[in-house]
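Both backbone and side-chain heavy atoms feed into the values below; hydrogens, waters and symmetry mates do not. Each chain gets a letter, A, B and so on, in the order its sequence line appears, and its residues count up from 1. The structure presented is a predicted model; accordingly, all values stated were derived computationally and were not measured.
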Amino acid sequence: MSDIETGKFSIDELENVQITIGKIVGAIEKKAKEEGVEVGPTPKPGISGLRDWDHKLLSRYQPVYTPVCDQCCYCTFGKCDLGGNKEGACGINMEAHQARETLLRVITGAAAHSAHGRHILHHLIDIYGRDKAIDVGPSNLVAPNTQAVTGIKPETLGDLEEVMDYVEEQINQLLATVHAGQEGAAIDFESKVLHGGMLDHVGMEVSDLAQMSCLGMPKSDTEAPLVEIGMGCIDSKKPVLLVIGHNVSGVTYIMDYIHDHNLDDKIELGGLCCTAIDMTRYKVENGGQPRAKVIGTLAKELKMIRSGVPDVIVVDEQCVRADVLEEAKKLSIPVITTNEKIMYGLPNRSKDSAKDIIEDLSTFKDPGALILDYDTLGEVAPELAIKMSKIREDMGIKALPSDEELQGLSEKCVQCAACEMDCPANLPIMAAMKAGVDKDFSKFEELHDVCIGCGRCDQACPKDIPVLDMIEQASRKIIREEKGLMRAGRGQISDPEIREEGVNLVLGTTPGIIAMVGCSNYPNGTRDLYTVADEMLKRNYIVVMSGCSAMDLGMYKNEDGQTLYEKYPAKFLAGNLINVGSCVSNSHITGTAIKVAAIFAQRNVSGNYEEIADYITNRIGAVGVAWGAYSQKAIAIGSGCNRLGIPVVVGPHGSKYRRALIGKPYDEAAWKVYDARDGSEMPIPSSPEFLLTTAESVEELFPMLAKNCIRPSDNNMGRMIKLTHYMELSQKYLGHMPEDWYKFVRTETDLPLAKREQLLKILEADHGWEIDWKRKKIISGPTMKSDVSAQPTNVKRLCKGEC
Amino acid sequence: MVDTTKNTLIYTTSGRKVAKPVNPNVAGKMISKAKRPLLVVGAELLKDEKLIEKAITIAKKGIPVAATGHSITALVDKDIDVKYINIHSLGTFLGDKNWTGLDGQGSYDTVIFLGHKKYYLDQVLSGIKNFTDLKALAIERHFMQNATLSFGNLKPEVHLEALDELIENL
Ligand code: SF4
Ligand code: SF4
Ligand code: SF4
């Protein structure tokens, strides 16, 4: 019998009978075999597929729970007080419940990304067909996450459907375990968390592969164009069309309409959040110029709306405030919803004519409309913006209070502190009010950058003082100057780039990758991002940006008036600054690490997740920083990094994710691996020290970054470079030499050359190491040997003679 | 005498077990009685010279200090027993019987917090409250509901006065 193929078949004698064969058991393995690809042990792993790996990670990096709430209210047995690790009525204890809470956040984030992926994939298949080839640049390994996890090497959009099927099924399985009376052990909820994180990166990858292949986005383009960014770059004299969200399926129709009708110079098209990033990636490959401006992050959402500048607001999905319609209504701004995930109770006008919709919205018959037909949307949004601009001007819409009113409002304040206590950052609002009474509004101005624009202060104030509006009005001079440049998201790191730089990363001579990702819930304003990136770039780290962090980085200029995107080149080389793209482009960061294992180290990638993760854990010095992480998506992204052994630091607000994964450097037994050459045990440095933790300030963050890029595979030069940065950054930002620097020294050649003698003296005097002073060599002391041909692994089966 | 127990308004609920409000003289005596106290200071301390002084004065009474964030920048070379540690790590290690402390001398029984971001410390204290037997004393400007004992919500100047009174009772 010949092999059955997938596809559609007609049987000659039976008229009108068509059989569709979708999936065949063993199909991944068969296809791989035909292509000469070896499939590893875990293609499409189920929940337990990588459990052993997870448990290994979790034995070193133990979950640390800091509950946001001590109670559980999941079912009607409750509420149950789990305080003190008590058990609830169903028998679950606090630890397991906190792990379950974490899981719920992670799969919510993964669902948001993968549902976005499914939506855009569906949409693009409708237009381009299943056979449309995936084209993301000069790479053979086009889908590293997908291939490592599922074993599928996708070539067409149609191939991605099967990948999404897998992701969705697994997320559903995970969601089921959140129900009362399912999993009872924290450790296995934790394994599920890591599973959810891994799935998230596959879902994100599908999203970005699909849109990059079809929407003319840059493909591993090191010269991707620079894009205008900032509230100050919007010309409010023109009709302003504001788009908020993440999914550009519908927005591209608006952009095409504007372009095709020669409206490019007549309308200001600006975006907030990742939709803005992807708008500026649309049709810019091969030298095309960006057709939209980036206004900024979620932190600018309410501020932008309240400025009264937008004439029409279009929202798609994710990270869109729930009160956009209410806020917009107050300022006569029509709102168009374009995605089933957000509909705001608006009438569905998808089947109506553009003319009728424009008429109804411009006469305020309805405050907005749901439009799921993108051709109609493409016409309505820009035409309505043009019309509303005139109407709103004639109406004389007044948005923010005047300077005179600012003083009066300050006088109303009774210094009750309710706003400060409710403010997520406990910002000093009362002092600003006090100064405002004397017409000194500088303190409001100081609040602007640290304020995340949430509006909670307004809600708290018993005197109905519009605190956020006051901050914005007092800061309008600064806001007008908020103009920067961001490099458009370039997509993946290509295979040739990995070939060039992989060796430096593994040996440590490029000191590490610092991936700055995530949202805008920063503890101390946006400038911190600039400070971190600039310092690490000067020190030759590769800095990779994405999402809202990529935007905020472009807001600042150095003394020469340059943004960091202008100052540093964008190749995958030491000292380069890369913006991979939007939220879903985060998959390219993990993808890069997978590529180093697959391309540089020639590890088999297909369905071979554990081996790849093991390789990355021991050899690739990369640290993720989600300094303003706020969302469920951000913790999903972090968890996906963690399963690959990539550590992530979040800012202090990240402590509210309620669980971290922290190792104990003093527990020597935890810092041992096998040497794959003979299966013997070898000690390793306690780095990364954590998989997920928080830092309090950027000053604290700096040395953490340098230290946690140290890996067992560093050669002497690499270790020397990393150690130098660790010591220098500790001295620069913490004012002291780190306590544990000597623990990373294996031989004298690991020590910075300029300070070698001085450090040898300290090793001898303070730590009792024996030094041969004639040859300036260490005789005894270190707990680790320096051996570049050692093959560190956490997985016994990968050792010689084991299988 | 400063009364630091009046305003204990909680701004977000967390659980049934809530810190007991404490006055500075009682807090001071409690610290004095502790066998192995540890003062944990955060980077918010750096925003106020006077707070730094108070922390140093407490430390000079022989209380070891864990400096979290970058608070150590104000505490090095001050002739006090101070070491840097990340607060999330500290919160974790404090609950581990095998941890021998910052100085290798064994675990702590009373941990005192000063100079932290409220929302951040809330989380660290939640871990300590739920998973350890430690006595956590918050001498912050805000009522820290997850501590064992805490000052109430105070105006900055009252807070400084309260710290002076605490120091007198050490
Ligand atoms: S799920 Fe368990 S702990 Fe939660 S409310 Fe129900 S019985 Fe209580
Ligand atoms: S809008 Fe700004 S000042 Fe007001 S509560 Fe939110 S962060 Fe604080
Ligand atoms: S809540 Fe209102 S009245 Fe109270 S301090 Fe804040 S601004 Fe003033």
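Within residues 725-732 of chain A, no residue has any heavy atom under 4.5 Å from a heavy atom of chain B. Of residues 72-87 of chain B, those residues with a non-hydrogen atom less than 4.5 Å from any non-hydrogen atom of chain A are, in numerical order, B:I72, B:T73, B:V76, B:K83, B:Y84, B:I85, B:N86, B:I87. Interface with chain A: from residues 45-64 of chain B, no residue qualifies, criterion being any non-hydrogen pair under 4.5 Å.
Of the two parts of A:P424, only the backbone, made up of N, CA, C and O, holds a non-hydrogen atom closer than 4.5 Å to a non-hydrogen atom of chain B. Looking at A:M704, the atoms closer than 4.5 Å to chain B (heavy atoms on both sides) all sit in the side chain, from C-beta outward. Using a 4.5 Å cut-off between heavy atoms, A:E739 contacts chain B through its side chain alone, with no backbone atom that close. Looking at A:D81, the atoms closer than 4.5 Å to chain B (heavy atoms on both sides) all sit in the side chain, from C-beta outward.
With salt bridges taken as basic N to acidic carboxylate O contacts below 4.0 Å, one links A:K664 and B:D96. Ionic pairing of B:R36 and B:D103 is present here: one or more N-O contacts between side-chain nitrogen and carboxylate oxygen are shorter than 4.0 angstrom.
The closest donor-acceptor contact from the side chain of B:R141 to the backbone of B:L154 lies under 3.5 Å.
A cation-pi contact, defined as under 6.0 Å to the ring centre and within 45° of the axis, is absent between A:R659 and A:Y65.
Under the side-chain hydrogen bond (donor to acceptor under 3.5 Å, both in side chains) criterion, B:H88 pairs with A:T694, not counting sequence neighbours.
Using the six-membered ring where Trp is involved, B:W99 and B:F93 have ring planes that are tilted, between 30° and 60° apart.
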